[in-house]
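So that the names make sense, note that chain A is the first sequence line, chain B the second, and so on, each numbered from 1. Here the structure is a predicted model, which means the values were calculated and not measured.
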Amino acid sequence: MRYSQLFAPTLREISAEVEMPSHRLLLRAGFIRQLSAGVYSFLPLGYKVLTRVANVVRDEMNRAGAQELLLPALHPQELWAESGREATMHDVLIGLKVRGGQFYLGPTHEEVITDLVRKNVRSYRELPLNLYQIQMKYRDEPRPRGGLVRAREFMMKDAYSFDRDEAGLDATYRQMYAAYVTIFQRCGLDVTPVEASGGAIGGKETKEFMLLSDAGEDSILLCPECGYAANREIADFRLVVAEPAEPPRKHVAVNTPDAHTVQQVCDFLHVAPERLVKTLICMADGQPVAALVRGDRELNEGRFRVLLGAARLELATPEQIQAATGGPIGFSGPVGLTIPMYADEELRGMVNFVAGANAADTHLVDVNWADVTAPLTWARLRFAEAGDVCPNCATPFTERRGIELGHIFKLRYAISEPLRATFTDEDGSEKLIIMGCYGIGVSRIISAVAEACHDENGLIWPMALAPYQVALLAMNMQDETQRTLAEGLYAALQAAGVDVLFDDRGERAGVKFKDADLIGIPLQLVVGKNAADGLVELRERRVKNPQLIAHDTVVATVRERIAAAE
RNA sequence: CGGGGCGUAGCGCAGCUUGGUAGCGCGUCUGGUUUGGGACCAGAAGGUCGGAGGUUCGAAUCCUCUCGCCCCGACCA
């Protein structure tokens, strides 16, 4: 490709509003442009990288025995109602009216693929089946961010497996796990598999593939000793129970005007947050329940929701709190409460703690569990955090942020049951197909690689994903010797099957260097003053190690370097 | 959805506090000189100041509403 023909509008400056390095660089280097929040165009360079990522994924999926197909983006509303996910995924569904009824833009394709399979698969002889698609998905994200990291329209690879039985699913799952490890490795990413939550769809035994990064949206707890790694949403830990340090006293009410946050109460009473029991009033499918955690801890709402078996769980509004506790928000406490109460097991050992009095501007001090008369259920309610210890080896966790790039999990019958996707087994009985689902954020990988591979001058693509393998820079196109040599090398490299971007513009050398660095092509071939001696300069974007080589060895040397890099 | 920030020329920004001729840098166009790390000189074009309403003799600037975008949180197969 000749740079003079290429549509790659690079930007010298970019708005200070754009913060994430990958986002800034992808915009500056002319890979993507935003149309709307979370909606991006892929320009030629960005599209080439997207295609390269997709091809790596495709390659490994095919190798693992999955078959590629393409599914509709328009999904009839009835199908989503049938699976029951119209309700659970309501918030992200983008609906639209079409002649013939209500449709949704596909946010994921379990329903569509399962419908396809239930209509076309009858016998155990046709199983197992692993089908995948690489295409745009659409979600009404509450908050798009970070460019391609979280978009409303994004490219995703999703594979769906259909097996006869648990053993078959196990085998497929393991196969996908191995394929994922290879895919991320080929993309040059150091990805950490972590224990994860199945989310709204449920499903046990699930792994997320995380790129550890400060820009990540998920919190990961890592055991430096045994390698246990888990998303904070589900991370397990070994509970260290404190022994009561003092005899219980009788509780008393104290006036705490305007102290409705933990911090305010602590400041006012001069106690540490871990001496407080925080009482959170939640609405579980419309019914009020109380969750008690230590003042300095965070309630894991997802875990709590699963514990309650509720479909929906949210924090109660001030009005709902008033109705459920008789007091205003910020002053709730377990003493005298009549709604169902769940207390974090860590609280068992606490004595003489502080809690709300369910009355305005009032807290109770020296509260003890004996003071709580209504039934109380002990459970694990809080998030694990750095400092908690590994469930396997009791080593303290470290906590990191991560960008989720892939997610594999066993759906089992979560979709096939409501959709009645069955087959006839060897013994003539009708059975539900057991399913798995394996996603990779293809467009997100672009951001992840950009985030992991860049320097102050721009992007640095790994050879396998680079938009071009070599940037051929002619320092001075006016110089006949340079121009002729560069044109010759361009033709020779193309003939040798090298993907080369030839900067044939009339720009000054500095501009060409800046653009080449910004775009991040791994190899740079510089035709300049040494052209008269038949010499050109070869260097790597990553390390900037100029090396003079004879013009007639260029093709061979470049091919060697490419092979070495892949 | 809660909190914070920002919308002024193609891009990046200043001007707004204290109302009075809309500015700077980059880019673009023309001519010339340059040519190994985003050149220089001369000239030129280019703006409904996000939108609507209001206050005022007069609004980019003050007030109200609204739309869009960014960041933090909530949410997230």
Side-chain angles (χ1 to χ4, degrees), chain A residues 9-20 23-24 27-28 30 33-39 80 83 85 88-93 106-111 113 137-147 149-152 154 156-160 196-203 206 208 215 217-218 231 233 298-299 301-302 305 312-315 317 404 406-409 411 414-415 435-441 444 457-458 473-479 482-483 503 505-518 524 526-531 536-537 539 544 546:
Chain A
T10 55
L11 265 24
R12 187 190 295 227
E13 298 174 304
I14 185 156
S15 171
E17 269 205 340
V18 179
E19 292 183 3
M20 214 170 143
H23 190 193
R24 292 179 72 82
L27 286 167
R28 279 192 60 206
R33 281 295 182 268
Q34 183 183 76
L35 180 62
S36 179
V39 182
W80 281 84
S83 73
R85 293 210 299 173
T88 53
M89 291 186 67
H90 178 262
D91 289 348
V92 300
L93 287 171
T108 178
H109 288 69
E110 284 84 0
E111 279 76 2
I113 194 89
K137 307 220 174 186
Y138 300 85
R139 294 184 193 176
D140 191 3
E141 289 291 348
R143 178 149 107 77
R145 72 185 98 184
V149 170
R150 177 162 297 268
R152 291 195 290 198
F154 57 99
M156 180 149 184
K157 185 284 298 181
D158 236 346
Y160 307 99
S197 141
I201 196 166
T206 159
E208 287 170 339
E217 308 179 281
D218 292 276
N231 193 309
E233 291 169 359
E298 242 183 299
L299 172 67
E301 286 183 48
R305 185 181 63 77
R312 295 189 65 88
L313 181 85
E314 57 256 336
L315 288 173
T317 63
E404 179 189 350
H407 195 168
I408 58 174
F409 64 109
L411 285 168
I415 304 291
M435 293 175 58
C437 149
Y438 320 90
I440 285 184
R444 185 180 277 183
N457 295 313
L473 310 181
M475 292 294 91
N476 185 352
M477 286 297 283
Q478 247 75 287
D479 182 308
Q482 290 186 29
R483 197 179 57 75
D503 195 341
R505 296 175 299 171
E507 293 288 353
R508 297 166 60 86
V511 175
K512 296 190 180 190
F513 282 129
K514 289 290 182 190
D515 276 334
D517 285 352
L518 182 58
Q524 298 179 349
V526 182
V527 179
K529 296 208 165 106
N530 297 307
V536 300
E537 203 174 292
R539 48 191 196 174
K544 288 284 162 55

[X] side chain near [N] phosphate (N/O to OP1/OP2, under 4.0 Å):
X: A/Ser15; N: B/C69; value: no
X: A/Gln34; N: B/C70; value: yes
X: A/Arg145; N: B/C71; value: no

Can you find an N or O donor on one side and an acceptor on the other, under 3.5 Å apart, linking the side chain of [X] with the base of [N]?
X: A/Arg12; N: B/G10; answer: no
X: A/Asp517; N: B/G37; answer: yes
X: A/Arg150; N: B/C76; answer: yes
X: A/Glu507; N: B/G38; answer: no

Once rounded to the nearest 0.5 Å, what's the spacing between atom [atom1] of [X] and atom [atom2] of [Y]?
X: A/Asp479; Y: A/Lys529; atom1: CG; atom2: NZ; result: 10.0 Å
X: A/Ile408; Y: A/Glu208; atom1: CD1; atom2: CD; result: 10.5 Å
X: A/Leu35; Y: A/Arg152; atom1: CG; atom2: CZ; result: 9.5 Å
X: A/Met89; Y: A/Thr108; atom1: CE; atom2: OG1; result: 6.0 Å

For [X], answer base if it contacts any base atom (sugar-phosphate contacts may also be present), sugar-phosphate if it contacts only those atoms, and nothing otherwise; contact means non-hydrogen atoms under 4.0 Å.
X: A/Asp479; result: nothing
X: A/Glu314; result: nothing
X: A/Val526; result: base
X: A/Gly146; result: sugar-phosphate
X: A/Leu315; result: nothing
X: A/Glu19; result: sugar-phosphate
X: A/Arg28; result: base
X: A/Leu518; result: base

Nucleotide opposite [N] in a Watson-Crick or G-U pair, distances under 3.5 Å:
N: B/U18; result: none
N: B/U55; result: none
N: B/G47; result: none
N: B/A42; result: B/U30

Next on the checklist: If you assign A/Gly439 and A/Leu35 each to the RNA chain B nucleotide with the nearest heavy atom, which residue ends up on the more 5' nucleotide?
Outcome noted: A/Leu35
Checklist outcome for this item: Assign each of A/Pro142 and A/Lys529 the nucleotide of RNA chain B bearing its closest heavy atom; nearer the 5' end lies the nucleotide of A/Lys529
Item to check | Any A/Asp158 side-chain heavy atom under 4.5 Å of A/His109 side chain | outcome: no
Next on the checklist: Measuring only between side-chain heavy atoms, which start at C-beta, is A/Arg444 closer than 4.5 Å to A/Arg150?
Outcome noted: yes
In whole angstrom, give me the gap between the [atom1] atoms of [N] and [M].
N: B/C49; M: B/C24; atom1: C1'; result: 16 Å
N: B/C72; M: B/G38; atom1: C1'; result: 34 Å
N: B/C62; M: B/U55; atom1: C1'; result: 8 Å
N: B/G4; M: B/U8; atom1: C1'; result: 22 Å
N: B/C70; M: B/G15; atom1: P; result: 24 Å
N: B/G46; M: B/G7; atom1: P; result: 25 Å
N: B/C65; M: B/A74; atom1: P; result: 29 Å
N: B/G23; M: B/U64; atom1: P; result: 29 Å

Checklist outcome for this item: Which of B/C75, B/G12, B/C76 is nearest the side chain of A/Glu13? It is B/G12
